[in-house]
Amino acid sequence: MKNIQSYVQEHKDRFLNELIELLKIPSISADSAYKDDVLKTAEAVKNQLEKAGCDSVEICQTKGYPIVFGEKIIDKNLPTVLVYGHYDVQPPDPLNLWNSPPFEPVIKETELHPEGAIFARGACDDKGQMYMHVKAMEFMTSTNQLPCNVKFMIEGEEEVGSESLTDFVKENREKLKNDVILISDTGMIAKDVPSITTGLRGLSYVEVEVTGPNRDLHSGLYGGAVANPINVLTKMIASLHDENNHITIPGFYDKVEELSTEERAEMAKAPFSLENYKKALDINAVYGEAGYSTNERNSIRPTLDVNGIWGGYIGEGAKTVIASKAYAKISMRLVPNQDWKEITQLFKTHFESIAPDGVTVKVNPHHGGQGYVTPIDSVGYQAASKAYADTFGKTPIPQRSGGSIPIVSLFEQELKSKTILMGFGLDSDAIHSPNEHFGVWNYLKGIETIPLFYKYFTELHN
Ligand code: BES
Ligand code: MN
Ligand code: MN
């Protein structure tokens, strides 16, 4: 492709400034106080897609937040790439741990990003990565090098479960028809170790509630004589893992696909330093399921984690009290073949069954989704691999990720197309955490690599 690198060099300040403007809008989908900002972000994305050369861009209303859909169809006989991304972001809490306000983007150097990184909520997940596609589109249309048809579908509810998008996909199969889906909403191993994500975990998210006595009690007068919901809840949670850190829910592992020795050996070839991993997290040891490596534990194995737990008195000083209720939020990361609805049911049945007398237990399922794996011999993967080889000077490594983008398995089911996950973030970019950032180098590298994917995909497609 002609002059992509010089185009990026020439326009990089504007590319950064436009992203910074987008990052200033707090599009927090989880918090209804930010509704207007979420809607404003959809408008901003629409405007930028128009400027980047889409022929038609619409804001498609749903029962939740709108989906921005844009397209440029140059020839019905050419293949069509569907780009998916999300313009919503996670809540920035806890605010006091940010070194600069989450919606006032700043560029600062870090050890891993000597060229600078943009610090803001959504910088990497997913405004920055989504916007690489908008700028790649601008390059291709403005230099007359768009080799195929393009559709964009950018949603505003990814961080809260993509409920509206699920209906939208089912109702718009024809409109969304494509030959491959392209997403940048994952990461890569390192700046000098490019990788393409070939798998995502599924998810089941539940909230549990343990109720004991009908009111909070004096912990002296009643302590020892009635079940304390917090004691009970923590004991129940502790029993969900055995001494080998296997999950004890009956049937939980029944459908888990075990990788062959060869597949595991292949995975183990990816460069990984346990020392650096521990150092980056300030931990003196890793922890997890016996018999599996760190990289296996966080990608090909299912997990169960408490995400939040509360109850009783947590204010200043001490209050001697036995709470009437205790709560926890629990996520289970699932692997392909595990059905998230089935796992949710298994959890519910088991958790209710282990409740001791003296308390009642309620399990409230939230959202979830299926995992995903994609083969590396598809045209899409091969095109992505060639694109990275050109811009990184190395063939990328296939890597299964531990994160979830539940809508990807629905795309396969409803649209019958494969998704290629070209992520340019690093694990250390702190997505969902305070001080989220995205390397300037990564951002520009993404913009350079994406047009090559279009080129190779069009060439290889028949
Ligand atoms: N972009 C992430 C998922 C991700 C990040 C996958 C890095 C692989 C590598 C996405 O926005 C996300 O946060 N997904 C949620 C699930 C969703 C249902 C809330 C997740 O993984 O917790
Ligand atoms: Mn994301
Ligand atoms: Mn996210």
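Both ligands and their constituent atoms are indexed starting at 1 by order of listing.
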Next item on the list: Calculate, to the nearest 0.5 Å, the distance between atoms CZ and CD1 belonging to Phe424 and Ile450 respectively.
Entry: 5.5 Å
Margin query: How about NZ on Lys191, more than 12 heavy atoms from neighbouring residues, nucleotides or ligands closer than 6.0 Å, or not?
Written below: yes
Check: More than 12 non-hydrogen atoms from neighbouring residues, nucleotides or ligands closer than 6.0 Å to NZ on Lys341, yes or no?
Finding: no
Next item on the list: Enumerate the protein N/O/S atoms at a distance below 2.8 Å from the Mn ion (ligand 2), ignoring waters.
Entry: His86 NE2, Asp125 OD1, Asp185 OD1, Asp185 OD2
For ligand 1, which is the ligand I care about here, please tell me if [X] has any N or O atom under 3.5 Å from one of the ligand's N or O atoms.
X	result
His367	no
Ser401	no
Arg333	yes
Gln90	no

Notebook entry, point to check: What do you reckon, are the aromatic ring centroids of Phe411 and Tyr372 less than 6.0 Å apart?
Noted result: no
Note to self: Please tell me whether Tyr456 and Tyr388 form a close aromatic pair, meaning their ring centres lie under 6.0 Å apart.
What the structure shows: no
What protein heavy atom sits nearest [atom], and how far away is it?
atom	value
atom 14 (N) of ligand 1	Ser404 O, 2.9 Å
atom 6 (C) of ligand 1	Gly403 CA, 3.6 Å
atom 4 (C) of ligand 1	Asp185 O, 3.6 Å

Check: Which one of His366, Arg400, Met188, Glu158 has a non-hydrogen atom at the shortest distance from atom 11 (O) of ligand 1?
Finding: Glu158
Notebook entry, point to check: If hydrogens are left out, which of Gln399, His432, Arg201, Glu159 has an atom nearest to atom 19 (C) of ligand 1, that is, the closest non-hydrogen atom?
Noted result: Glu159
Check: Taking it one step at a time, do Ser162 and Glu155 satisfy side-chain hydrogen bond (donor to acceptor under 3.5 Å, both in side chains)?
Finding: CA-CA 8 Å; Ser162 301; Glu155 71 151 318; 2.6 Å; yes
Item checked: Per-residue contact class, Ser331 against ligand 1 - non-hydrogen pairs under 4.0 Å -> neither
Next item on the list: Would you please classify the geometry between the Phe119 ring and the His437 ring as parallel, tilted or perpendicular, with 30° and 60° separating the classes?
Entry: parallel
Item checked: Evaluation steps, side-chain hydrogen bond (donor to acceptor under 3.5 Å, both in side chains), between Glu448 and Thr391 -> CA-CA 7 Å; Glu448 278 176 29; Thr391 53; 5.7 Å; no
Notebook entry, point to check: Out of curiosity, is Asp125 lining ligand 1, as in a heavy atom under 4.0 Å away?
Noted result: yes
I'd like to know if [X] and [Y] make a salt bridge, using a cut-off of under 4.0 Å between side-chain N and carboxylate O.
X	Y	answer
Lys445	Glu115	no
Lys135	Glu138	yes
Glu104	Arg121	no

Counting from 1, what ligand 1 atoms have a heavy atom of [X] closer than 4.0 Å?
X	answer
Ile431	5 (C), 7 (C)
Pro406	18 (C)
His86	11 (O)

Next item on the list: Could you walk me through whether His246 and Asn244 pass side-chain hydrogen bond (donor to acceptor under 3.5 Å, both in side chains), step by step?
Entry: CA-CA 5 Å; His246 291 303; Asn244 289 315; 4.6 Å; no
Next item on the list: Scan side-chain atoms only and decide if Thr41 and Lys127 contain a donor-acceptor pair under the 3.5 Å cut-off.
Entry: no
